[in-house]
Amino acid sequence: MSATLQLGIIVGYLLLALAVGLVAYRLTDRTAEDFYLASRTLGTVVLLFTTFATLLSAFTFFAGPNVAYRQGPEWVLVMGLMDGIIFAILWYVVGYKQWLLGREHGYVTLGEMLGDRFASTRLRGLVAGISLLWLFPYVMLQQAGAGTALEALTDGTVPYAVGAGLITAFMILYVVVAGMRGIAWTDTLQGLFMLVTTWIAMIWVLAAVGGPTAATAALEAEAAQYLALGSDHYTPQWMLSTAIVIGFGVAMFPQVNQRFFAAGSRTVLKRSFALWPILCVALFVPAFMLGAWARGLDVTVSEGGNVLPAVLAEYTPIWFAALVIAGAMAAMMSSSDSMLLSGSSYFTRDIYRPYLERDASARREDLIARAGVVVFATAAFLGSLLEPATLFELGDAAFSGFAQLALPVLVALYWRGTTRTGITAGIAASQGFYLANLFVGTIVGGLEVVGLAPVVGEIAPALIAVVTTVFQGSYLGWSAGIVGMAVGLVVTVGVSLVTTPAADERRAIYFEGLGAD
Amino acid sequence: MRRLELVGWTAVAIVLSALAIPWFLWGNATTVVGLPLWLWWHVGWMLLAAVVFHYFARRAWGIGIETDGGAIGGESP
């Protein structure tokens, strides 16, 4: 019964989304700018909720309550600082500046904006390439997640590959038809839906257990340490590392960064900015407190299973639980479709066009853009079938990977002295540092193999010692992600100071003619 | 004058970030109406942040970014 109901709700949601997409399609100009950015016309509510839904969706529903259940409710604070404050400040510092520059010069992607300033197709390609390196496996994880969820929901009637394939096919169809406008509209429905159902879920569960005081008393009896701020898991270093790295990472995630270009006006950006902390706290408190309270309640959660569905199944009617779970699945897709669209735009605008077809017409570029979505989604789907461990590792680390781009970009946006060599070196160094930390095991393994050879073999143990010291993963409790960001900052500034700008760099472009109108 | 304003707003941004987590309540387990005191602080702080952001958007939006002057201050949102 529940599975049929959930499937019915998912299919219903998909049909609704498709209808919205078709309406959006009718309003579309056939240009790449319209396809990717809805011709820079999004209003306050749509921009606010499309960013919100893209950013938080599936993670807030599943992973967030799981963290609160297993480690304690301090996760609300980490997410609040990360999204509600740090990302909001970046919304102004990075977002507003990007929006002005995008309007002035017609930029659609981050790489395009940097490539133009530093007169470097290579830098443009590098930024796009790095973004795709982190984005591609992240999309793959979403597809794998959706496939697994459908398989579990139908007790195996829909096998993993079929589920992931169906969802990929739907996303391709949807993104190709609807473009940014359609995605933003369905995201808005999605974001509102998420917010409302989370509150209803919390009220429902609290009503069943006798209110928040009773729920907290039960939690205190089960795990009193959850109520005291801080723990072995939540150290100040860990909380700050996580909030800062992910907060900056989010601003560089292609589908979020690209939304900075899509706002309809300055007023839209202002209003969304002021509403942002309220929206975040309104979602995080009920979602994560439900997870934490579940720890004290009579809810059985399987090893590695999700907490929220278990709580809902215990305390709310079956149709409501089904609605929320279906909503979460749909949310997973709504993040993925935005990522597909951005990934395809990075690929076509920053890699395909500059290198392979420089003078494509607007109409032709629009076609290439839509074809790019198909290629990107299909490749990610095939990847999710093979389930390669390396790619999964990259996907899990995507936020930290994107965070490595943030400081070099910020330096370039606000310091005229940044040189092409400086920013390129800064980006390469922080990415290299973070990737080496992620794959330190592989590097050491490689060196051990080398160590078997004569002559070179003698220096291998020394090299291994150096590698494991430099890339130790955690530095006095601070994460490799945040240390990598510092590396990127120091290298960008340091190398810029000792190099001279290339003659064709447009050094003033980020500092002139950025007016209000 | 404008530079001083920029420094001021930067300081506000840092304070808003620094106290979103109430470090001074570290280890404190007091609960009020079923929620930990530190969570109430956080909720209040986020509301304060929204008010500050709103004020910033009305009064100082463009500072540090817009270059042709005159755009900050008195302009209505």
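So that the names make sense, note that chain A is the first sequence line, chain B the second, and so on, each numbered from 1. These figures come from a predicted structure and were not determined experimentally.
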**Q** Please evaluate residues B/I65 and A/W99 with respect to the criterion side-chain contact (heavy atoms from CB on, under 4.5 Å), reporting the C-alpha separation (whole Å), side-chain torsions for both, the decisive distance (0.1 Å), and the verdict.
**A** CA-CA 11 Å; B/I65 293 179; A/W99 178 76; over 6 Å; no

**Q** Pick one of side chain, backbone, both or neither for A/W276, based on which atoms fall under 4.5 Å of a heavy atom in chain B.
**A** neither

**Q** For A/V76, is it the side chain, the backbone, both, or neither that has a heavy atom closer than 4.5 Å to a heavy atom of chain B?
**A** both

**Q** Listed by residue number, which members of residues 48-56 of chain B have a heavy atom under 4.5 Å from any heavy atom of chain A?
**A**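 Result: B/A49, B/A50, B/F53, B/H54, B/F56.
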
**Q** Quick one: of B/G34, B/G64, B/P22, who has the most non-hydrogen atom pairs under 4.5 Å with chain A?
**A**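 It is B/G34.
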
**Q** Return the option, out of A/I278, A/L227, A/V281, with the maximum number of heavy-atom pairs under 4.5 Å with chain B.
**A** A/L227

**Q** Nearest 0.5 Å please: distance from the CH2 atom of B/W45 over to the CD1 atom of A/I85.
**A**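 CD1 of A/I85 is found 8.0 Å from CH2 of B/W45.
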
**Q** Please look at B/S17 and chain A and tell me whether the side chain, the backbone, both or neither of the residue comes under 4.5 angstrom of a heavy atom of that chain.
**A** both

**Q** Please report the closest heavy-atom contact between B/W26 and A/P236, naming both atoms and the distance.
**A**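 Shortest heavy-atom contact: CZ2-CD, 3.6 Å.
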
**Q** Return the option, out of A/L219, A/I89, A/L275, A/V285, with the maximum number of heavy-atom pairs under 4.5 Å with chain B.
**A**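 Most pairs with chain B among the choices: A/I89.
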
**Q** What distance do A/Y510 atom OH and B/T67 atom OG1 have between them, rounded to the nearest 0.5 Å?
**A**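 One gets 14.5 Å once the value is rounded to the nearest 0.5 Å.
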
**Q** First locate atom CG of B/L35, then atom CE of A/M289, and finally report the distance between them rounded to the nearest 0.5 Å.
**A**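 Result: 5.0 Å between the selected atoms.
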
**Q** Restricting to non-hydrogen atoms, name the atom on B/M46 and the atom on A/P277 that form the minimum distance, rounded to 0.1 Å.
**A** O-CB, 3.6 Å

**Q** In terms of heavy-atom contacts, does CH2 of A/W478 have more than 12 from other residues, nucleotides or ligands at under 6.0 Å?
**A** yes

**Q** Which residues pass the salt bridge (Lys or Arg N to Asp or Glu O under 4.0 Å) test with A/R40, sequence neighbours left out?
**A** A/E33

**Q** Taking atom NE2 of B/H42 and atom CZ of A/F284, what is their separation to the nearest 0.5 Å?
**A** 8.0 Å

**Q** Quick check: do B/N28 and A/L229 have side-chain heavy atoms less than 4.5 Å from each other?
**A** no

**Q** Quick check on the interface: out of A/V78, A/T213, A/I244, who has the most heavy-atom pairs with chain B under 4.5 Å?
**A** A/T213

**Q** Less than 4.5 Å apart, side chain to side chain, heavy atoms only: is that true for B/I63 and A/Y92?
**A** yes

**Q** Identify which part of A/E74 has an atom lying under 4.5 Å from any heavy atom of chain B, answering side chain, backbone, both or neither.
**A** both

**Q** Of all of A/G80, A/A88, A/C280, which one pairs up most often with chain B through heavy atoms under 4.5 Å apart?
**A**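 Ranked by contacts with chain B, first place is A/G80.
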
**Q** Do A/P73 and B/L39 make a side-chain contact, defined as non-hydrogen atoms from C-beta onward lying under 4.5 Å apart?
**A** no

**Q** Quick check on A/L413 against chain B: is it the side chain, the backbone, both or neither that has a heavy atom closer than 4.5 Å?
**A** neither

